[in-house]
Amino acid sequence: HRGAAVTLEPLAVRHAEDLWAAAQADSSGDGWAYLGYGPFPDAGALHRHVAAFAAQHDPMAFAIRPHRSGRVEGWLTLMEIQPANAAIEIGHIWFSPRLRRTRAATEAMFLLMRHAMDDLGYRRLVWKCNALNAPSVAAAHRLGFVPEGIHRAHGVVKGRRRDTAWFSILEDEWPARRDAIAAWLDDSNWDHTGAPRASLSAATAALPKG
């Protein structure tokens, strides 16, 4: 899946070296705080994780290769894949610090959202996260996901109780959200300094919900 700023590739062991280098930029380990794995103590541990992750079909993982660097700087997945219910989730998102809060990061999520809804024909796209994960909650709102509530004590991650916030986009809601994100990503929305002229959050906040 190739966009203007980023390409998604099925995750493979060959990506492990780039991912280890990308992980070194996250010296605080904040990027792993709400994931069930990481940070990894050494390159071998990350390599083993990538090998196991890449072999799974649910979650189905994709490596993120921003065109600017040409190196893989994160991953994300399609998961909880339920063809019978036409429901699918985007999750397991890990971005290196270089990738976070960039046009490429938004495009990576958009490419996978569009693949799920337009190419694969799912009718329900889910986003869920730890309710304490403020950046993930903000990203869900920014991408136009509709809040569905919180499942209390939904799980235990790294020894801590997890309350899970749920969001979704349904089939009839998707076209407006697809168009809003595509317009934000379009070159016409970016000035000579590389800053967006319009806010994606404002555009999606104005869309009908439910």
Side-chain angles (χ1 to χ4, degrees), residues 8-64 71-82 85 87-102 104-106 108-109 112-113 116 124-143 145-169 201:
L8 301 184
E9 305 170 6
L11 185 68
V13 170
R14 64 186 175 85
H15 296 128
E17 184 177 348
D18 275 3
L19 287 165
W20 176 248
Q24 301 319 293
D26 187 6
S27 57
S28 69
D30 288 350
W32 307 103
Y34 295 104
L35 292 170
Y37 43 78
F40 298 93
D42 52 52
L46 177 61
H47 187 283
R48 290 188 293 275
H49 174 79
V50 169
F53 211 20
Q56 298 180 61
H57 299 292
D58 186 353
M60 183 181 296
F62 296 84
I64 304 166
R71 301 187 65 173
V72 171
E73 295 187 15
W75 64 60
L76 73 177
T77 77
L78 291 174
M79 57 185 284
E80 301 291 339
I81 302 168
Q82 302 176 33
N85 296 320
I88 197 166
E89 180 180 338
I90 180 172
H92 280 282
I93 297 172
W94 180 78
F95 294 158
S96 76
R98 289 190 299 268
L99 185 57
R100 293 175 204 158
R101 302 180 65 83
T102 65
T106 297
M109 294 183 287
L112 206 54
M113 292 164 69
R124 170 176 163 82
L125 180 63
V126 174
W127 179 292
K128 70 177 189 282
C129 62
N130 192 308
L132 297 176
N133 188 349
S136 187
V137 170
H141 284 289
R142 181 170 171 268
L143 293 168
F145 282 83
V146 178
E148 293 186 332
I150 294 177
H151 287 197
R152 298 179 299 161
H154 181 238
V156 177
V157 177
K158 294 177 178 172
R160 299 190 302 269
R161 164 181 160 169
R162 168 170 156 153
D163 295 347
T164 298
W166 288 71
F167 305 82
S168 67
I169 296 174
S201 295

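FYI, the numbering just counts along the sequence from 1. Bear in mind that the values here come from a model prediction, so they are computed numbers and not experimental data.
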Should [X] and [Y] count as side-chain neighbours, where that means a heavy-atom distance under 4.5 Å?
X      : Y      : value
Asp18  : Glu73  : no
Leu35  : Trp94  : yes
Asp26  : Ser96  : no
Phe167 : Leu143 : no
Val156 : Arg161 : no
Leu112 : Leu76  : yes
Phe53  : Arg48  : no

Exercise for the section: Could you pull out all residues at least two apart from Glu9 that satisfy salt bridge (Lys or Arg N to Asp or Glu O under 4.0 Å)? Expected result: Arg14, Arg65
Side-chain donor or acceptor of [X] paired with backbone N/O of [Y] under 3.5 Å:
X      : Y      : value
Asp163 : Arg152 : no
Thr77  : Gly91  : yes
Lys128 : Ile90  : no
His15  : Ala12  : yes
Asp58  : Glu80  : yes
Tyr34  : Val157 : no

Over all heavy atoms of both residues, which pair between [X] and [Y] is shortest? Give the atoms and the distance, please.
X      : Y     : answer
Ala54  : Leu11 : CB-O, 3.2 Å
Leu19  : Val50 : CD1-CG2, 3.9 Å
Arg98  : Ala25 : NH1-CB, 3.9 Å
Ile81  : His57 : CD1-O, 3.7 Å
Arg160 : Ala33 : NH2-O, 3.1 Å
Trp32  : Pro39 : CD1-CB, 3.4 Å

Exercise for the section: Could you check Trp75 against Phe95 for ring pair (Phe, Tyr, Trp, His ring centres under 6.0 Å), going step by step and ending with a plain yes or no? Expected result: CA-CA 7 Å; Trp75 64 60; Phe95 294 158; over 10 Å; no
Exercise for the section: Not counting sequence neighbours, list each pair that qualifies as a side chain to side chain donor-acceptor pair (under 3.5 Å) and has a residue in residues 130-141. Expected result: Trp127-Ser136
Practice task
Check the pair Thr164 / Arg162 against side-chain hydrogen bond (donor to acceptor under 3.5 Å, both in side chains), numbers first and verdict last.
Solution key: CA-CA 6 Å; Thr164 298; Arg162 168 170 156 153; 2.8 Å; yes
Exercise for the section: Could you walk me through whether Arg142 and Thr106 pass the side-chain hydrogen bond (donor to acceptor under 3.5 Å, both in side chains) test, one step at a time? Expected result: CA-CA 10 Å; Arg142 181 170 171 268; Thr106 297; 3.0 Å; yes
Practice task
For Val146 and Ile169, run side-chain contact (heavy atoms from CB on, under 4.5 Å): C-alpha distance rounded to whole Å, both residues' side-chain angles, the deciding distance at 0.1 Å, then the answer.
Solution key: CA-CA 6 Å; Val146 178; Ile169 296 174; 5.7 Å; no
Practice task
Could you walk me through whether Arg100 and Asp30 pass the salt bridge (charged side-chain N to carboxylate O under 4.0 Å, His left out) test, one step at a time?
Solution key: CA-CA 12 Å; Arg100 293 175 204 158; Asp30 288 350; over 6 Å; no
Practice task
Test side-chain contact (heavy atoms from CB on, under 4.5 Å) on Met79 and His92 and set out the steps.
Solution key: CA-CA 8 Å; Met79 57 185 284; His92 280 282; 3.5 Å; yes
Practice task
Could you tell me the separation between the CZ atom of Arg124 and the CG atom of Asn85, rounded to the nearest 0.5 Å?
Solution key: 9.5 Å
Exercise for the section: Look at the aromatic rings of His49 and Tyr37 and report parallel, tilted or perpendicular, splitting at 30° and 60°. Expected result: tilted
Problem - Full working for side-chain contact (heavy atoms from CB on, under 4.5 Å) between Phe145 and Leu125 - result: CA-CA 9 Å; Phe145 282 83; Leu125 180 63; 3.9 Å; yes
Problem - Aromatic centroids of Trp20 and His47 separated by under 6.0 Å - result: no
